[in-house]
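Values in this document were obtained by computation on a predicted structure and should not be read as measured data.
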Amino acid sequence: MPKVGMEPIRRRQLIDATIASMGEHGLADTTVQTISRGAGVSPGIIHHYFGGKDELLAATMRSMLEQLRADVTQRLAAARSPRARLEAVIDANFADDQFDPRVVSAWLGFWAQAPHNPALARLQRINARRLISNLRHSLRALLPPQRADRVASGLAAMIDGLWLRSALTGAADGREARAIALSYLDAELGA
């Protein structure tokens with residue numbers, strides 16, 4: 001019988017092992033065995049806490065999205081103007097912890113699998129809507145609504161594209177990507 005209070009600890013341990021396995025092996029070669037070995041537990045523990053690999057992958061993506069959301073929320077709370085709020089969203093997406101090689105591999109694996117996995121696709125849609133909503137909210141204080149919506153869509157696409165390009169080229173440093181996104185923002189706000 002499991003010890004009382006072990007579930008959150010064990011779930012976190014398995015999520016961390018999933019990220020590490022995806023970083024080392026990629027999504028295709030991440031298995032229940034590679035995850036359980038990385039966590040130092042039997043494969044049955046994954047089934048006990050998550051029901052299987054697909055559920056663990058979805059929980060891992062939710063955890064990563066929650067971490068990103070928490071970072072955005074913390075930065076937004078400190079922002080004192082619409083422009084500062086926009087910078088907060090950009091900064092969170094290009095933060096150093098988003099460019100940890102293991103995290104990069106996990107994100108890339110999830111993005112690639114989302115079109116084929118309804119649970120991951122749903123999480124990706126939630127994340128995309130949240131990004132657009134955060135950008136639109138601040139942009140509407142600076143631009144007419146229709147233009148704010150267009151700039152929000154463009155900036156969201158730029159954030160995703162710059163992140164993906166940085167991740168795929170191995171330039172795992174968000175500073176240059178951040179500078180490009182801010183240049184786009186300045187150009188749109190100044191137009």
Quiz item: So, do Arg83 and Leu185 sit near enough that their side-chain heavy atoms are less than 4.5 Å apart?
Solution: yes

Quiz item: For Asn93 and Trp163, which heavy atoms make the closest approach, and how far apart are they?
Solution: O-CD1, 3.4 Å

Quiz item: Given side chains that start at C-beta, do those of Arg12 and Ser63 come closer than 4.5 Å, heavy atoms only?
Solution: yes

Quiz item: So Leu135 and Val151, side chain to side chain contact (heavy atoms under 4.5 Å, CB included) or not? Walk me through it.
Solution: CA-CA 9 Å; Leu135 295 171; Val151 173; over 6 Å; no

Please output the side-chain donor-acceptor pairs of residues 111-118 that fall under 3.5 Å, not counting sequence neighbours, one pair per line with the distance.
from: Trp111; atom 1: NE1; to: Gln124; atom 2: OE1; distance (Å): 3.0
from: Asn117; atom 1: OD1; to: Ala119; atom 2: N; distance (Å): 3.0
from: Asn117; atom 1: OD1; to: Leu120; atom 2: N; distance (Å): 3.1

Quiz prompt | Pairwise distance OG1(Thr18) to CE(Met61) - rounded to 0.5 angstrom | solution = 14.0 Å

Quiz item: Is there side-chain contact between Tyr49 and Glu55, with heavy atoms separated by less than 4.5 Å?
Solution: no

Self-check item: Sub-4.5 Å side-chain heavy-atom contact between Glu66 and Arg69
Solution: yes

Exercise. Without swapping roles, check the side chain of Ser105 against the backbone of Arg102 for a donor-acceptor pair under 3.5 Å.
Key: no

Quiz item: Going from CD1 on Ile46 to OG1 on Thr31, what distance comes out if it is rounded to the nearest 0.5 angstrom?
Solution: 8.0 Å

Quiz item: Can you find a heavy atom in the side chain of Leu57 that is under 4.5 Å from one in the side chain of Phe110?
Solution: yes

Practice problem: Give a yes or no answer on whether the side chain of Ser21 reaches the backbone of Ala17 with a donor-acceptor pair at less than 3.5 Å. | Solution: no

Self-check item: Distance in Å, Asp16 CG paired with Arg11 CZ, rounded so as to fall on 0.5 Å steps
Solution: 13.0 Å

Self-check item: Set of side-chain hydrogen bond (donor to acceptor under 3.5 Å, both in side chains) partners for Gln146, sequence neighbours left out
Solution: none

Quiz item: Side chains of Glu87 and Leu182: closer than 4.5 Å at any heavy-atom pair?
Solution: yes

Quiz item: With a 4.5 Å limit on heavy-atom distance, are the side chains of Leu189 and Tyr184 in contact?
Solution: no

Practice problem: Please report the C-alpha distance between Leu155 and Glu188 in whole Å, then the side-chain angles of each, then the deciding distance to 0.1 Å, and finally whether the side chain to side chain contact (heavy atoms under 4.5 Å, CB included) criterion is met. | Solution: CA-CA 10 Å; Leu155 188 53; Glu188 289 294 330; over 6 Å; no

Quiz prompt | Test side chain to side chain contact (heavy atoms under 4.5 Å, CB included) applied to Asn134 - qualifying residues, sequence neighbours left out | solution = Val72, Leu76, Val89, Arg130

Quiz item: Is the side chain of Ser166 donor-acceptor paired with the backbone N or O of Leu162 at a distance under 3.5 Å, no angle test?
Solution: yes

Quiz item: Can any side-chain N or O of Thr30 pair as donor or acceptor with the backbone N or O of Gly26 at less than 3.5 Å?
Solution: yes

Quiz item: Does the side chain of Ser36 reach to within under 4.5 Å of the side chain of Ile45, using non-hydrogen atoms?
Solution: no

